[in-house]
Number of protein chains: 2
Amino acid sequence: MRLTTKGRYAVTAMLDLAIHYEDGPITLADISQRQGISLSYLEQLFAKLRRKGLVDSTRGPGGGYRLSRIPAEIPVADVIIAVDEKLETTRCGGLGNCQEDERCLTHDLWTELSDQIYNFLSGISLGNLVSRQTIQDVAARQDGNQKINLDTVERETVAVS
Amino acid sequence: MRLTTKGRYAVTAMLDLAIHYEDGPITLADISQRQGISLSYLEQLFAKLRRKGLVDSTRGPGGGYRLSRIPAEIPVADVIIAVDEKLETTRCGGLGNCQEDERCLTHDLWTELSDQIYNFLSGISLGNLVSRQTIQDVAARQDGNQKINLDTVERETVAVS
DNA sequence: ACTTACCCGAGTGTTTTAGTCAAGTATATT
DNA sequence: AATATACTTGACTAAAACACTCGGGTAAGT
């Protein structure tokens, strides 16, 4: 298994979408600003999320992305897998051909660990996360910062022009 | 978190030591042969395992490595951590300064996942693994193969000379 | 027409991985 | 004492993965 920024960013972005689920389509620019993830990188991630059917997109002004299902029906595990991060910890990918076509000594251990991780992340949905107070707190902070940042940008734009 | 061959090899090698716990010091050459891990790489890993106090070494002929404690008292988690693989899945290393010195939206999720993984791997000791039938089966196969390989080497050596 | 915003592929510097190689040092046996 | 064994250390490296960026599209709204 490897959990890198790719998987973490994907979950973060999807959670942002879940938090603003009632607000209609959300642009990647918004997510980029709130979560501090580069726009180009988000585009790359959402291409995969869309192909896997986790989000729907609408183009043009007023467009953006929205979750394809209600947040409660999207497990975190699905998001991570959608962007090609494997929750597998075996070297052989679970095939059991780790040592000269036979199982290596620790094959079963890694399989159990993989199951453990998968079960944990399958049991937590985006909806579940949204309902947590700690998450709401962070979200509130981000909305505040976003407003401040926008003000700053506007002021700076005015100052330059 | 990243679980790569480094951590997997370390656990495999330590488990090999646990299986042959009663046989006195085991050489890295033996482990290399049985587990199919390069000798030089094992040396690198055991340098760390030794520094962390998980194994004792004796030099010279008849020397080798042995576990510093009985297998039942060595959790798998300790082995992985000893070779510098982190079981952490947060980006910030658990510090909570993931987004501009504050917590990112998914900080708690990754912390919980890290705990989950750590608890699982702490609950399993090398002794626990040794007592499993599936592991014994693989070990028996490896001992057989090792003998066969040695025979082959001997025969080849004779054939060449 | 023009802007917005998604869409897509190729490219790229940096870091990590998974080792190798070379040169030791300590110990036991002959 | 000589020799072989086996641990010990550090430097080095090819290849892969990571974390992006860049540049040009295409569709939809106003």
Is there a side-chain contact (heavy atoms from CB on, under 4.5 Å) between A/Glu73 and A/Ser125? Walk through the geometry before answering. CA-CA 6 Å; A/Glu73 282 175 8; A/Ser125 69; over 6 Å; no

Heavy-atom protein contacts under 4.0 Å, nucleotides 18-29 of chain C, coded B base, S sugar-phosphate only, - none: BBB----BBBS-

Taking any atom closer than 4.0 angstrom to a non-hydrogen atom of chain A, what span of DNA chain D does the protein reach, first nucleotide to last?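 Here the contact window of chain A covers D/dC18 to D/dG29.
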
Using whole Å, report how far [atom1] of [X] lies from [atom2] of [N].
X       : N      : atom1 : atom2 : answer
A/Leu28 : C/dT4  : CG    : P     : 16 Å
A/Asp30 : C/dC6  : CG    : C1'   : 14 Å
A/Ile26 : C/dT4  : CD1   : P     : 18 Å
A/Leu49 : C/dC7  : CG    : P     : 11 Å
B/Leu3  : C/dT17 : CG    : P     : 11 Å

Under the 3.5 angstrom rule, does the side chain of B/Ser68 hit a backbone N or O of B/Leu54 as a donor-acceptor pair?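 Side chain of B/Ser68 to backbone of B/Leu54: a pair is present.
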
Any side-chain to backbone donor/acceptor pair from B/Asn128 onto B/Ile124? Under 3.5 Å, distance only.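 Flag not set: sc B/Asn128 to bb B/Ile124 has no pair under 3.5 Å.
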
A/Trp110 side chain to A/Ser114 side chain, donor-acceptor N/O pair below 3.5 angstrom: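 Judged by distance alone, the side chains do not pair up.
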
Tell me which donor-acceptor pairs under 3.5 Å the side chains of residues 37-48 of chain B have, and how far apart each pair is, sequence neighbours excluded?
{"from": "B/Ser38", "atom 1": "OG", "to": "B/Tyr41", "atom 2": "N", "distance (Å)": "3.1"}
{"from": "B/Lys48", "atom 1": "NZ", "to": "B/Asp84", "atom 2": "OD2", "distance (Å)": "3.0"}

Please collect all salt bridge (charged side-chain N to carboxylate O under 4.0 Å, His left out) contacts where either partner lies in residues 8-23 of chain B, sequence neighbours excluded, each pair once.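 Applying salt bridge (charged side-chain N to carboxylate O under 4.0 Å, His left out) to every pair that reaches into residues 8-23 of chain B, excluding sequence neighbours, yields B/Asp16-B/Arg34.
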
If you count the non-hydrogen atoms of other residues, nucleotides and ligands that lie under 6.0 Å from OH in A/Tyr21, is the total more than 12?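 Yes.
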
Tell me whether the side-chain N/O atoms of A/Arg50 come closer than 4.0 Å to OP1 or OP2 in C/dC8.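 Yes, because at least one side-chain N or O of A/Arg50 sits under 4.0 Å from OP1 or OP2 of C/dC8.
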
Any ion pair linking A/Arg103 and B/Asp137 (charged N to carboxylate O, less than 4.0 Å)?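 No, B/Asp137 and A/Arg103 are not salt-bridged.
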
Salt bridge or not for B/Glu112 and A/Arg132, using N-O below 4.0 Å?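 A/Arg132 and B/Glu112: salt-bridged.
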
Give the C-alpha distance, both sets of side-chain angles, the deciding distance and a yes or no for salt bridge (Lys or Arg N to Asp or Glu O under 4.0 Å) between A/Arg141 and B/Glu102. CA-CA 10 Å; A/Arg141 195 191 77 223; B/Glu102 306 245 31; 3.8 Å; yes

Restricting to side-chain contact (heavy atoms from CB on, under 4.5 Å), what partner residues turn up for B/Pro75, sequence neighbours left out?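 Checked B/Pro75 against side-chain contact (heavy atoms from CB on, under 4.5 Å); matches are B/Asp78.
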
For DNA chain D, the residues among residues 10-17 of chain A that have a non-hydrogen atom under 4.0 Å from it: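 Residues of residues 10-17 of chain A that come under 4.0 Å of DNA chain D do not exist, since none gets that close.
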
